[in-house]
Structure formats: C-alpha cells, structure tokens
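Reading through the structure tokens given below for one structure.
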Amino acid sequence: MDMWVGLDHILSSSRLSCPLIEPRIFFGERDNFLVFNQKRFYKRSLFSQKIRWSFTEQGLKPRPKHQNPVPKPLKGEQSAVKDQAEMIVDKNFSSGIYHKIEKLVLQGKYHEALELFEILESESMEDNVVDKSTYDALVRACIGLKSISGVKRVLNYMVNCGFEPDQYLSNRLLLMHVKCGMMVDARKLFDDMPERNLVSWNTIIGGIVDSGDYLEAFRLFFIMWDEFSDVGSRTFAMMIRASAGLELISPGRQLHSLALKLDATDDIYVSCALIDMYSKCGSIDDARCVFDEMPEKTTVGWNSIIAGYALHGYSEEAMNMYYDMQDSGVNMDHFTFSIIIRVCTRLASVEHAKQAHAGLVRHGFGLDIVANTALMDFYSKWGRVEDARNVFEKMPQKNVISWNALIAGYGNHGQGVEAVELFERMISEGFVPNHVTFLAVLSACSYSGLSDRGWEIFESMNRVYKVKPRAMHYACMVELLGREGLLDEAFALIRDAPFEPTLNMWAALLTACRVHKNFVLGRFAAEKLYGMEPEKLSNYVVLLNIYNCSGKFQEAASVIQTLKKKGLRMLPACTWIDIKKQPYVFFSGDKCHAQTDQIYEKLEKMMQEISKQGYVPDGKSFLADVDEEEEELQLCHSEKLAISFGLINTVDSTPLHLVQSHRICYDCHNAIKLMALVAKREIVVRDASRFHRFKDGTCSCGDYW
DNA sequence: TTAGGGTTAG
C-alpha cells in the first residue's frame, strides 16, 4: 500500500509532460496484495482485473497495433533493364562484403566493419539485398563503438533500401539507439513499433533507467504492466534499480513483493538489484537478508553487499565481508577492488590498501581506470601524493575524475603550483573540467595563497568553460580572500553572490574572522549560521566561542541557557588510528585501553617536550564549554591519546594516520604540529572537514581551517 | 535479442 502512495506521490509531484495514467485509479485496484512485510498476498491475480481506460480520454493517441507495412519500393524495376551478367557480378561482390562485415564484427573490428559498410552505402540501393544477419552485425558494431553517426547511417540505409525489420531486428535497432544514448530517437522508434514484445519493453525501460529518468521508467513500467500478462525478471531488476536511483524504499519493497509473488527472486540479477536498492535506500539489514538468502552468491552479489556496508560507513564490516568473499572462493573483479580501496581510504589502512593494490594487479585489473582512481585517492589522502602521481602517470586512460582526484591531492598537500599546472595540462590534453575540477583547483589556489591565479580561474569558469560557479566555489573564494585578511571583500562576495548565501559561505567567512580576530563580522557570520541551522550543535559552539572571545559574556550565557533548555550536549569526540592492520578508537579522556598507563605516561612526556618548544595550552578560547559541571572533560583529547598510542606501538620512520570524527581544534592543531616535530614523525590527520599533514613543524593546511 | 555492483567533490 505504501508503495502506491509513494509512487502516486512521485508521479503527481513530477513534471511529467503527459500523465498517461492516473496513478490513484491505476493502483487502486492493486494496492491490497502488496504487503511485503507480512508476506501475505491476496489470491486475486495482479492482471485479472485490467482497468479499462481510454487512451484518447487521457489525451493520448492510440498506439497502432498493426500498422500496414510500409509499401516496398518496386525493387528490381529499374534493374530489370540491367545486364543480367552485370547483376550477377554485383551480387557476388556485395554478398562478399556482407560476409566480410559479419566476420569483422565477430572479430570485434567494428571500425573496419563500418568502413566496409561505406562501400554498400555508395552503391545503388536497388542492387543491395542486405539481410538480417548483416544488419545485426552492423548494429553490434555501432553499439561497440557507441557511434551515433553509425546508427544514423545504418538506419538511413535500411529505410532507403525499403528493408522492413522483423520483431527481432526491430528490438536490435532499438537497443542500438539506447546503447548509443540516443534516447529521443529510441523512444520514437519504440512508439512507432507495430509490435512490441517483452524484449522491446525491457530494452526501452532499461535505456530510460540508464539515462537516469527514473520517473519516466516507472511510468512506462505501469503501461507495460497493463499491456502484458507478464513482466520478466529483467524488468524487475531494472525497476528495482530505478527505485534505488530515486532512493525510495517503498516502491523497491513493493517490487520485491511482486517479484516474490511471481517467483522472480531466484533470479540472480533481481537479488543483486535488491541488495543494491536496499543499501542505497538506507536499509542495510534488508540488503543483508537478501544477500544471505541468495542460493548462489556471485561476485556481483558480494560486491553489492560490500559496497552497501561501505556506503553506510560500516567500513570494518565491509572489510570483513571482503575477506569472507576471498574465503568463499568467488572471483574478485575490478569492482571489488575499487570498493575495497575506497574502504581502505576511510579506514586509513595502509596495510589493507597495499594488499588491495597487489590484488588488483595480481588479478589482472591493474589498468582499470576506476580502481586506479580510487588508489590515487588513497595515496594522496594519506600523505603520499607522489605515489598517487605514479599511479596516475601509468594509467593508460584517464577521465575527468582521475584528473580531479590528483589535482585535489596536490591541493590538499599545499602544493598549489602543481595543482594549477596539472589543471592546465588537463585542459591542454583536451579534457573538459567540471565543477569538481574547479572546486579542487580553486581550493588548491586558496591553500597555497595563489590568489591572482585563483581569481583568474574563478572568473574563467563560466566565461570559458561554461561551468556556473556554485556555492562551494564561492565559499572557496571567500576562503581565498579570508586567508589574505581581506574580510570586507569576502563579505562583499557573499553579499553579491547571485544566490542566497549558503552555510559553507558563512562558515568560510567565520573561519577568516576567527583567524584574523575580527569578532564583529565573525559574530555576524556565526549568527547567520545559527539562524540557518538552529538545531545544529556545532553552530551553538561557534556562536558561544565568538561571544566569549569578543567579551560578550551575557550573550554567551544566553547561548548556554538555550543549549541546556534544548538538552543538547557535545557528543564525545573520537579519533581512530590503524596500527599493524588493527584499528583502535580513542574517545575523549578514554581510559579503557589495556595500555592506558603507558599511553598517559607517553602523553605527559610529549606535552612536556612540546612545552619546551613553546607550546602554551590555548585554554578554552575556542572550546565548547557547554556544561560547567563537566569542566574536566577534555573534548580535544582523543587525538593526543591516539598519537601517544601510535608512538608507543610503531617504528620510528612510519607516519601516523589518524581519522577524527570532529574538526580538529586550534589547541590540538598546535599541539600535534609540535608533537610531529619533537617525535620526528609525519602525522596525517583527516578530520571532519579537511586534511592535515603535519611534518617538520608545519601543517599542509597552513594553519588555516 | 534485453539486465546487477565501482572512482573525485559535497
């Protein structure tokens, strides 16, 4: 029942140009038997009560059921006057070409096949009797090359020859359009088909789902349902994917129920689509149930469930499932490695990533563009941007995502010059930058103080590259100005933006105000943030801090009162470190670990050493003193505990990799910088908002975040 | 003849 309400809502809220079906009427007949959770289905057949409705009443043209065949051109009329012997020669010549085209396609030589087709095109149409198998081969060639011009040539040729495709070839032609992304033509072809079978419907719906027009896919699915007494398991798999695309679980559940009723859940594709749908719609437990019930767990099934866990942030679970997959003996493919490398990035697990990298190469996927991009991202996020560069340079093919990943990698390491050079190289090699590229290159300019170049690129975004600057690009520019202390200019940029300022833009201004100690403008930005998201705890904290810093103690007290009234409290911050393949999590003031005494001893020693280097605790200037009764709670302690633990348990030369649940505070940032200096260790921290690489007494963020 | 899972930014 849920589903139909859901779908009704989707369809009625969408801007469909021609609402074919009134969803409420359509589903009113069917909603009763779809109660998935209770696994209870009414006996009434889904299709027994077809709703009578008129196409014309709905403002639609009736679909021609049996169009009269297009009259064939009077073939041979002219050729009859031709010399008989010449015809035989021509035919032999042409049939040789047909055979050759089919052979080339079988060998995967699509370019050559289409080149040979040119000879047929240049010949007189009357002499050509290209048959179904040659057309089929040409279709394969066009699909293989995704050649729009090829599609047009084949179709044009067929029309000019007066060839009438049968059901099979019509479906193939439809597929050819779909696979080449020619959805408008495909739809027209489909609408004009005199006969449609299950394959025709599946092909067009599949194409629509692939193009991301999920609502339209549902709309067509309903019509299909009405026209057929059967829908295939492939249809279910596609529609489940459409539900996943819409991120709506109720239609997905109802399709699951329907698939169960029609015994389609044994189909491996349906199961995999269900796993993916449930995990993308937020129900990883349901995804796991479907996976557990799969009679045969395939590579795709494993990949789907691992990706599901990864998506939900259950990185350890994802990693465990990956090892289970290995044990099960199922083949791993490039999808598996792409997913698992991304999990390693989240876990900051160098050991696991190295193994995954080795596995990628060993299994023969060393050249895969996606897995390599994930690998580059891993290396650059964890302080090894040159390794990322090596992977990048060895990639035989690159796409905009791989360029973006490396540009962002350099930017995050404070290597703005390299990031801009890479951006320029990307353009010169003919790649088209997208909004992510600009985000990466502008933030790199900001980090590295390349303000002039940053402005040039920002200004060229729309003018040269036709990419409209979004709020995040504006936030980058606010940060760029803010770093230089140009706070009024930053404020003017926000004020004059062609859209309502967003949270990120105010947050960027607030950071600038904090660094440059402009409390008046900072208070303004903090109040804006607070006004936009009054329920968000961190906004109270920044407001509280800025009041404290600007001596507005009365206002600060009022913020604390509001916090208390709302019962909001700081969640315990946590930091995570991976030592010898084993993850360890530390909370603020954590005393649970078996080595607690050693850890605190080491921490005490480190604090003494960094004090000698000039470290003075920052007190509470920017800490959240939310509750006076909890003054002892050291909110920023977890990273220091994790570092102390890391220093005890690792060898001297290895960098320490930390992940934090929260944004690193001012005081901890100073402390870690000196801890890295004193311990002569590189410490890499990925906090809730950005990346910090501490080395030789400096941080890649330039002490600005 | 048609189908399922992956990478950057946020």
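In the text below, chain A, chain B and the rest are named by the order of the sequence lines, each starting its count at 1.
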Sugar-phosphate, base or nothing in reach of I305(A), heavy atoms under 4.0 Å: nothing

Proximal nucleotide (of dT2(B), dG6(B), dT1(B)) relative to the N197(A) side chain: dT1(B)

Lys/Arg N to Asp/Glu carboxylate O, R187(A) vs E216(A), below 4.0 Å: yes

Heavy-atom side-chain contact between F291(A) and L274(A) under 4.5 Å: no

Geometric class of the H363(A)/F337(A) ring pair [parallel <30°, tilted 30-60°, perpendicular >60°]: tilted

Touch class at under 4.0 angstrom, heavy-atom based, for T437(A) against every strand present: nothing

Closest listed nucleotide, where the reference is the side chain of V436(A) and the choices are dT8(B), dT7(B), dG6(B): dT8(B)

Sugar-phosphate, base or nothing in reach of N434(A), heavy atoms under 4.0 Å: nothing

Spacing between M395(A) atom CE and dT7(B) atom C1', to the nearest angstrom: 9 Å

Flag, side chain of S700(A) to backbone of H413(A), donor-acceptor distance under 3.5 Å: no

Closest to the A405(A) side chain, choosing from dT2(B), dT7(B), dT8(B): dT8(B)

Below 4.0 Å: OP1/OP2 of dA3(B) and any side-chain N or O of K179(A): yes

Closest to side chain of R342(A), choosing from dA9(B), dT8(B), dG6(B): dT8(B)

Closest listed nucleotide, where the reference is the side chain of I401(A) and the choices are dT2(B), dG10(B), dT7(B): dT7(B)

Atom-pair distance (CD1 on I268(A); C1' on dA3(B)), nearest Å: 13 Å

Options dT2(B), dG6(B), dA3(B), nucleotide nearest the side-chain atoms of D267(A): dA3(B)

Proximal nucleotide (of dG6(B), dA9(B), dT2(B)) relative to the H435(A) side chain: dA9(B)

Base of dT2(B) paired with side chain of T203(A) (donor-acceptor, under 3.5 Å): no

From dT7(B), dT8(B), dT2(B), nucleotide with atom closest to A374(A) side chain: dT7(B)

L439(A) side-chain proximity, nearest of dT1(B), dA9(B), dG6(B): dA9(B)

Rounded distance (Å) that lies between atom P of dA9(B) and atom CE of M426(A): 15 Å

Between C1' of dA3(B) and CG of N171(A), the distance in whole Å: 14 Å

Short side-chain N/O contact from K381(A) to OP1 or OP2 of dA9(B), under 4.0 Å: yes

Salt bridge flag under 4.0 Å for residues R234(A) and D267(A): no

Proximity to the side chain of T373(A) - top-ranked nucleotide from dT7(B), dG6(B), dT1(B): dT7(B)

Gap between atoms CE and C1', on M376(A) and dA9(B) respectively (whole Å): 13 Å

Touch class at under 4.0 angstrom, heavy-atom based, for T336(A) against every strand present: nothing

Gap between atoms CZ and P, on F438(A) and dA9(B) respectively (whole Å): 17 Å

Rounded distance in Å - CD1 (I275(A)) to C1' (dG6(B)): 15 Å

Touch class at under 4.0 angstrom, heavy-atom based, for K280(A) against every strand present: sugar-phosphate

Spacing of Y474(A) atom OH relative to dA9(B) atom C1', expressed in whole Å: 19 Å

Sugar-phosphate only, base, or nothing, as touched by D276(A) at under 4.0 Å among non-hydrogen atoms: sugar-phosphate

R172(A) side-chain N/O to dT1(B) phosphate OP1/OP2 under 4.0 Å: no

Test: D136(A) and R140(A) ion pair at under 4.0 Å: no

Ion pair check, R425(A) and E418(A), cut-off under 4.0 Å: no

